[in-house]
Amino acid sequence: MRGFNMPYKIEACTNKNIDLAVDVVKRNYDTSFPAVKVSREIIDKKNIELFLITDMKSHRALPVSTFGLCETYQNEEIWQEVKANIIKPFIAGKDVVVGQFSICEKDDNLMKIMFGLILDRAQQKGYERLFFILKKNDKFYRKLFNAVTIKGNCNFDIGSKEKITALVVDLNQIHNKGFEFLNRRQFLRYSNSEKIKYKDIMMRSHWDKYSSAFDAIMAPPQVELYSAISQSVKGEVLDGGCGNANLAAFLKQDVSLYHGVDSAQEMIVKARENILQLEQASSYSVYHSQFEEFVSEVKYDVVTFVNSFYAVSDPSLVFKHSANLLKSGGKIIIANPNEKMTKEHMQYMIGLYEAKFRGHPAAEDFKRMNLQFVESYYANFYTMQQLKNGLTTAGFTITHTDNTHYHGAVNLIIATK
């Protein structure tokens with residue numbers, strides 16, 4: 001059994017990690033389905049989209065599980081036996097076979113996370129039905145997900161005496177208790193326009209350079225904002241786009257767990273150094289991941305985005321993913337520049353506070369990069385109404401708004417799940 005509070009990262013496999021994922025599948029199949037052959041060549045030939053879940057608790061991510069999605073079910077020998085029992089024909093693009101379901105060790109929490117991720121990815125791809133081949137637990141699927149048995153006791157040879165069952169799950173017919181089991185809301189569905197997008201700008205060197213300036217200098221408006229947010233943060237916290245984990249230093253003793261996530265590697269390096277200086281370091285951790293790829297056994301009391309939401313590729317996807325990571329009644333806190341944060345406004349604020357950091361070795365980088373980020377991200381400096389609309393659409397209830405920070409150029413909004 002894996003440790004409690006495990007954080008994980010889900011990635012669609014690429015040339016960088018597919019061999020690792022195939023090895024996880026192969027090890028599992030050698031035990032559970034010894035007659036079923038697995039190789040990278042087979043995965044590629046069948047056009048299977050493979051996903052890898054890694055354990056991020058250690059600094060070196062460890063593979064723990066996989067699943068695959070395949071639209072070409074007719075290429076699977078097992079489906080030749082059961083296709084005559086499928087009442088509604090399989091339609092590629094709307095239907096998908098879920099396979100390569102592998103897990104390194106039995107863990108009920110991880111299994112629950114896996115099912116949730118399969119549901120999320122299927123919705124993002126626009127699929128309506130999921131087809132499964134199971135060796136056991138078919139009652140579990142029928143009870144929670146309203147699965148329909150296509151054929152039981154199939155004759156397909158898996159290399160053991162156990163028989164397998166073919167099931168189909170209609171995403172529009174899943175029981176509400178199934179959504180509750182996965183910490184999902186029945187009315188809150190992903191759409192096929194809400195996919196994880198990779199923004200190269202988050203990995204460019206200027207972010208790594210900015211991490212040093214951002215770590216060295218903290219202007220009064222930043223201190224004021226972190227202090228204000230800390231008053232509303234307690235319990236178990238997830239800090240999205242945590243940067244150097246500056247928020248962590250402002251949190252109170254009633255924060256029992258802090259997880260920070262950022263996609264810029266150098267930011268995470270600095271964040272780890274900063275956290276080690278804190279009294280509560282043992283319960284604070286940070287992870288290198290895009291927020292949309294981060295999942296956890298923890299259901300958080302608070303999710304924060306402090307001057308990071310502007311870098312999000314798809315706000316609606318992030319709102320929904322935040323809801324999935326929160327406890328019922330948990331809250332999301334977003335502080336994001338608004339339309340008043342122009343280059344002129346940034347220059348005005350730099351002029352107000354420059355005396356406090358003049359002569360600092362990082363001063364010029366700090367000024368230059370703050371102006372650069374305004375130019376790069378102004379399109380994502382959302383109005384308060386845009387934030388409200390996005391949050392309410394995702395099922396949140398707005399509880400607090402404030403646009404006084406940074407001399408009126410940052411919106412602070414709090415909403416509950």
Side-chain angles (χ1 to χ4, degrees), residues 1-10 53-59 64 107-113 116-117 120 180-185 226-262 268 271-272 274-306 308-309 318-335 391 394-397 399-400 412-417:
M1 190 70 165
R2 306 191 72 79
F4 184 61
N5 292 345
M6 292 299 296
Y8 301 98
K9 180 178 183 178
I10 175 173
I53 291 85
T54 51
D55 161 16
M56 299 181 69
K57 194 67 175 179
S58 64
H59 287 232
V64 293
D107 186 318
D108 291 341
N109 289 325
L110 181 55
M111 288 287 287
K112 185 184 294 188
I113 287 173
L117 292 174
D120 297 343
E180 291 177 353
F181 173 76
L182 300 176
N183 198 42
R184 303 298 191 270
R185 292 184 173 184
Y226 286 129
S227 297
I229 290 172
S230 69
Q231 303 304 313
S232 300
V233 176
K234 61 176 62 177
E236 296 173 319
V237 180
L238 175 61
D239 190 9
C242 67
N244 295 344
N246 286 337
L247 175 63
F250 290 82
L251 299 180
K252 311 298 182 184
Q253 293 298 320
D254 48 4
V255 170
S256 56
L257 179 76
Y258 170 90
H259 284 168
V261 178
D262 203 286
I268 291 299
R272 288 180 178 140
N274 291 339
I275 281 175
L276 288 175
Q277 308 304 314
L278 301 178
E279 182 180 343
Q280 59 272 44
S282 61
S283 56
Y284 283 30
S285 302
V286 290
Y287 304 101
H288 182 222
S289 171
Q290 286 194 196
F291 180 82
E292 302 94 316
E293 291 184 333
F294 181 85
V295 290
S296 177
E297 293 178 359
V298 178
K299 294 307 171 190
Y300 297 95
D301 296 290
V302 183
V303 171
T304 62
F305 293 93
V306 184
S308 60
F309 198 76
V318 170
F319 287 144
K320 291 177 182 180
H321 190 55
S322 297
N324 292 340
L325 293 168
L326 281 166
K327 298 175 183 176
S328 178
K331 57 189 174 184
I332 182 171
I333 301 175
I334 299 174
L391 287 165
F396 287 97
T397 300
T399 59
H400 175 80
L412 175 60
I413 187 167
I414 303 176
T416 58
K417 175 181 174 181

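For the pair Arg184 and Asp120, the salt-bridge criterion is met [side-chain N within less than 4.0 Å of a carboxylate O].
The six-membered or imidazole ring of Tyr8 lies away from that of Tyr287, with a centre-to-centre distance of 6.0 Å or more.
Here the OG1 atom belonging to Thr304 is positioned 10.0 Å from the CD1 atom belonging to Ile334, to the nearest 0.5 angstrom. Atom CZ of Arg185 is separated from atom CG of Asn324 by 9.5 Å, given to the nearest 0.5 angstrom. Interatomic distance, CD1 of Ile10 versus CZ of Phe294, reported as 13.0 Å (0.5 Å rounding). Atom CD1 of Ile275 is separated from atom OG of Ser282 by 11.0 Å, given to the nearest 0.5 angstrom. Atoms CE and CD1, on Met6 and Ile53 in that order, are 13.0 Å from each other to the nearest 0.5 Å. To the nearest 0.5 angstrom, Tyr258 atom OH is 9.5 Å from Leu278 atom CG.
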Decide yes or no on side chain to side chain contact (heavy atoms under 4.5 Å, CB included) for Ile268 and Arg272, but give the supporting numbers first.
CA-CA 6 Å; Ile268 291 299; Arg272 288 180 178 140; 3.5 Å; yes

How far apart are the C-alpha atoms of Asp262 and Val286, what are their side-chain angles, what is the distance that settles it, and do they pass the side chain to side chain contact (heavy atoms under 4.5 Å, CB included) test?
CA-CA 8 Å; Asp262 203 286; Val286 290; over 6 Å; no

Output, in order, the C-alpha distance, side-chain angles, deciding distance and verdict of side chain to side chain contact (heavy atoms under 4.5 Å, CB included) for Gln231 and Lys252.
CA-CA 8 Å; Gln231 303 304 313; Lys252 311 298 182 184; 3.6 Å; yes

Could you go through Lys331 and Thr399, starting from their C-alpha distance and side-chain angles, then the distance that decides it, and tell me whether this counts as side chain to side chain contact (heavy atoms under 4.5 Å, CB included)?
CA-CA 9 Å; Lys331 57 189 174 184; Thr399 59; 6.0 Å; no

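Counting heavy atoms of neighbouring residues, nucleotides and ligands inside a 6.0 Å radius, atom CD of Glu279 does not exceed 12 of them. Counting non-hydrogen atoms of neighbouring residues, nucleotides and ligands closer than 6.0 angstrom, the NZ atom of Lys327 exceeds 12 such neighbours.
Counting all heavy atoms, side chain and backbone alike, Glu297 lies closest to Leu110 at OE2-N, 4.3 Å. Taking both residues in full, the closest heavy atoms of Ser256 and Glu236 are given as OG-CG, 3.6 Å, listed atom of the first, atom of the second, then distance. Here the closest non-hydrogen pair linking Val302 and Ser232 is CG2-O, 4.3 Å. Scanning all heavy atoms of the two residues, the minimum distance from Leu412 to Ala335 falls at CD1-CB, 4.1 Å. Across all non-hydrogen atoms, the minimal contact from Ser308 to Gly241 is CB-O, 3.4 Å. The two atoms that bring Ser296 and Leu325 nearest to each other are N-CD2, 4.2 Å, heavy atoms only.
The closest donor-acceptor contact from the side chain of Asn274 to the backbone of Asn244 lies under 3.5 Å. Side chain of Lys417 to main chain of Leu326: a donor-acceptor pair is present (N/O by atom type, distance under 3.5 Å, no hydrogens or angles). Side-chain N or O atoms of Asp55 include one that pairs as donor or acceptor with a backbone N or O of Lys57 at under 3.5 Å.
Using cut-offs of 30° and 60° for the angle between ring planes, the Phe291 and His321 rings count as perpendicular.
Not counting sequence neighbours, Lys112 has no partner by the salt bridge (Lys or Arg N to Asp or Glu O under 4.0 Å) test.
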